[in-house]
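Along the sequence shown, the residues carry numbers beginning at 1.
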Amino acid sequence: MKNYKKLAFLFLLSTFPAFAQGYKPLDGLNIMLDPGHGGADPGAVGRMGLKESDTNLRVARYLKMLLEHDGANVSLTRETPEKTQSLAQRVAMSNEAMPDLFISIHHNASLNPNPTNHSEIYYNAKDSGVSRMVGEHLNSGLADAEYAGKSIMIPAGFYVLRNNNAPSILTEGSYISIPESEKQLMSGKGLTKEAEILWRSIRKAYDKGAFKIDLYTSSDKKLIVNNPYFNILFTANKPVSSINARVDNVNFGNLGVKSIMAYPMTYSLYNTHPLKSGEYELSILAKSIDGMPAPTKKVNMVVLLPIGKSELKPIAPYIPLGFKGRFPLTLKIYDENNHLNTRRAIGKIQYGNKSDDFLTDESGKTTVFIELDGTETKEVVVKTSIENNCETSVSIPIAMPIQRFVLGKLTGFNDAPLAGANIKHNDKIIAKTNNGGFFYFDYPLNINEYKIEVQPRFGHNAFTYTINTVGEPVTLPILKAEAVSPALFNKKLAVMAPEQLNDMARNLIKPLVYAGAKVSRLNMPPNMEHPEYQAVLEANLIKDLNFVISLKTENIKNIQIRHYHSSKNGKKLADAVKSTFMDSYPEITVKSCAGSDYELGHTGATAIVIAIPNQPDESTREALVNHLSQALKSNN
């Protein structure tokens, strides 16, 4: 093996004249090469038995030698054919090392008996900077060399790309399933040719020199900001021409950038639109004056705005004489602009000779309690202070009820308190639950049965409740609402559909929202050649997304419900929709199958495609939507 490597390297030296020169165009650049598959996973296998995993590794080894001689620091995710490396392990290696460039090397295959050979370059769709720039050069290099005919560049969301913090690309050099291509890949000449094309393309991508910025903060630590405007210092190895940023999945627009005159290549980065309290992930894309992008920098930022004031109100207007137990109050905190301060804050509540600590949540509201023993006869003065400041107080009278006194709590799925629910009597709202689920109302003493209707917000069913009160005027009910769908409650879904299916998409989204799901409608610009690229990019920017539903019309005779070939959850969902639909409409044929749709393989969420004939009748669309929403609600 050592002699083989030495001979291969000598062959490269004699083939590429750049080796004879001292020029190091990639000096200092850190590159990680990822030979796809390996070990127990051979990847595609050609008709003559060539394993994709072996081919990927050989190309990576040749490419590594070429890049290193140009001054790059190169590492491989696996060094041997026997090494089995999961996708998560490969990404973890990259995120730990944070290279300037990550390239996953693959070779394609097709079940089509007569596929057309070509190359494919996939770049991380979330990175329009270095990933896209290098991807364009690799794509052009393979196409110009006519290595496998034409070459196609595609924005992608493969696991090793969308979860990678480094600029990342996946190459499919040619089709190993085509005999002529397999024969070429079995030769040293074919492998070195591919490695050379990739090498020359990378050199060309960095012909102006790599552009890098360094922030005066660390991406693995949270930057704490105590005002609506942040100011981050950074240095660059070239003059900066522009900076764009994204906060989470919302486009943040252009930021302000100032040069620090006293320090060369040092800049101040600041926002021009105020931020609310909360946690943010700030992604920064900078370009140099020569047009080179820098690797995207990410900053975990926590905005903690000062507390301007607080507001304290008891749930009920008075404390019933002899009341024993916890009596709730609603506390709200505001910022200095009199807006709800959406942050956590530590506070202390004091009443009589008692005190307790509390913590506000991200809504800027919380429920605090005073513990009463039933012997209180005078008003109770309650004081709160937050972060040893911002004091407020309220005096709660103690009185004998002259009406039925109802102080209740509403809970829902997993016994969580339900806020914002309406409590109605005779179609009139008599109370609304606070963020802790508490509510208060009263009614005449001469009424022993009082029927109320409880209307929770989305995710729980409305119900009626009868209060039977005999004797004591104080009632403390604890009510529980039933979830519309435990399987969907608080799940995140995204729906993509072209304009002609807007009605179908809306009719699908409505019951999902009612069931408590958080649904996003993905943008599909009609003027784009591939609008699904934009929709999938938006889907991958949604954190912890659970499902992607794609609706489309095609020139087909029967309905198709497609899933990703290796997705068990996708197949389960597709089969469930098919089964229930055909039980109700046996005259309509529905096919559940694996598909090659772009959106199926490029999101981290479970995805299915509902493909319907170009002109289905309205009742069929409506029925499909109903069965799909029911399948999602019952999905476990």
Side-chain angles (χ1 to χ4, degrees), residues 307-334 338 340-341 345-361 363-411 417-423 425 428-448 450 452 467 469-479:
I307 298 170
K309 71 172 187 177
S310 61
E311 180 181 86
L312 184 65
K313 288 185 178 180
I315 300 296
Y318 67 96
I319 300 170
L321 184 66
F323 182 92
K324 186 176 181 179
R326 302 175 83 204
F327 186 87
L329 300 90
T330 298
L331 177 76
K332 298 179 182 179
I333 58 174
Y334 298 84
N338 208 31
L340 270 177
N341 203 340
I346 298 174
K348 183 177 287 292
I349 182 170
Q350 294 179 309
Y351 53 99
N353 59 357
K354 300 177 182 178
S355 66
D356 201 1
D357 295 329
F358 64 84
L359 180 68
T360 64
D361 60 25
S363 68
K365 308 173 187 176
T366 193
T367 301
V368 295
F369 300 90
I370 55 175
E371 191 76 38
L372 304 174
D373 57 21
T375 62
E376 295 83 4
T377 57
K378 297 181 179 181
E379 65 180 12
V380 178
V381 178
V382 183
K383 297 180 179 179
T384 59
S385 62
I386 302 172
E387 296 179 347
N388 297 319
N389 200 349
C390 193
E391 297 182 350
T392 189
S393 65
V394 65
S395 179
I396 312 172
I398 295 176
M400 178 65 73
I402 59 174
Q403 295 262 82
R404 298 286 185 192
F405 181 101
V406 181
L407 179 61
K409 182 178 182 180
L410 176 65
T411 64
L418 294 184
N422 290 328
I423 311 296
H425 175 70
K428 180 182 177 182
I429 297 176
I430 57 174
K432 188 181 288 284
T433 58
N434 80 338
N435 69 308
F438 290 95
F439 61 91
Y440 163 81
F441 62 88
D442 57 20
Y443 63 93
L445 285 169
N446 60 359
I447 299 177
N448 289 331
Y450 196 75
I452 61 173
I467 300 176
T469 307
V470 179
E472 292 295 329
V474 177
T475 302
L476 307 173
I478 297 179
L479 311 182

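In terms of heavy atoms, A345 sits closest to T360 at N-OG1, 2.8 Å. Nearest heavy-atom pair, A419 versus T433, reported as atom, atom and distance to 0.1 Å: C-OG1, 3.3 Å. Summarising the geometry of K383 relative to S393, their closest heavy-atom pair is CG-CB, 3.7 Å, with the distance given to 0.1 Å.
Ring geometry for F369 versus F438: interplanar angle over 60°, hence perpendicular rather than tilted (30 to 60°).
Rounded to the nearest 0.5 Å, atoms CD (E376) and CD1 (I396) are 11.0 Å apart. Once rounded to the nearest 0.5 Å, the distance linking OG of S363 with CG of N341 reads 11.0 Å. Of the inter-residue distances, the one linking I423 atom CD1 with I429 atom CD1 reads 10.0 Å to the nearest 0.5 angstrom. Summarising the geometry, atom CD1 belonging to I370 is positioned 13.0 Å from atom CD belonging to Q350; distances are rounded to the nearest 0.5 Å. Atom CD1 of I333 and atom OG1 of T392 lie 12.5 Å apart (nearest 0.5 Å).
Inter-residue side-chain proximity for D442 and F405 is flagged as unmet; no heavy-atom pair is nearer than 4.5 Å. In this structure, the side chains of R404 and P444 stay at 4.5 Å or more apart for every pair of heavy atoms.
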Would you be so kind as to tabulate the donor-acceptor pairs closer than 3.5 Å made by side chains of residues 351-359, with sequence neighbours excluded?
from	atom 1	to	atom 2	distance (Å)
Y351	OH	E371	N	2.8
K354	NZ	E371	O	3.1
D357	OD1	K348	NZ	3.0

Return a table of donor-acceptor pairs under 3.5 angstrom between the side chains of residues 309-330 and protein atoms on other chains or two or more places apart.
from	atom 1	to	atom 2	distance (Å)
K309	NZ	N338	OD1	3.2
T330	OG1	N434	ND2	2.9

Requested in this report: Go through the steps for K432 and N422 under the test side chain to side chain contact (heavy atoms under 4.5 Å, CB included), then give the verdict.
Outcome: CA-CA 5 Å; K432 188 181 288 284; N422 290 328; 2.6 Å; yes
Query raised in the report: Could you go step by step and tell me if T475 and Y450 meet the side chain to side chain contact (heavy atoms under 4.5 Å, CB included) rule?
Result: CA-CA 12 Å; T475 302; Y450 196 75; over 6 Å; no
Report task. Assess whether side chain to side chain contact (heavy atoms under 4.5 Å, CB included) is satisfied between T377 and I398, documenting all intermediate values. Result -> CA-CA 6 Å; T377 57; I398 295 176; 5.8 Å; no
Query raised in the report: Can L340 and K365 be said to form a side chain to side chain contact (heavy atoms under 4.5 Å, CB included), step by step?
Result: CA-CA 8 Å; L340 270 177; K365 308 173 187 176; 3.8 Å; yes
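Each of I452, I430, V406 was evaluated against Y443; a single residue qualifies, V406, per the side chain to side chain contact (heavy atoms under 4.5 Å, CB included) test.
With sequence neighbours excluded, no residue forms a salt bridge (charged side-chain N to carboxylate O under 4.0 Å, His left out) with E391.
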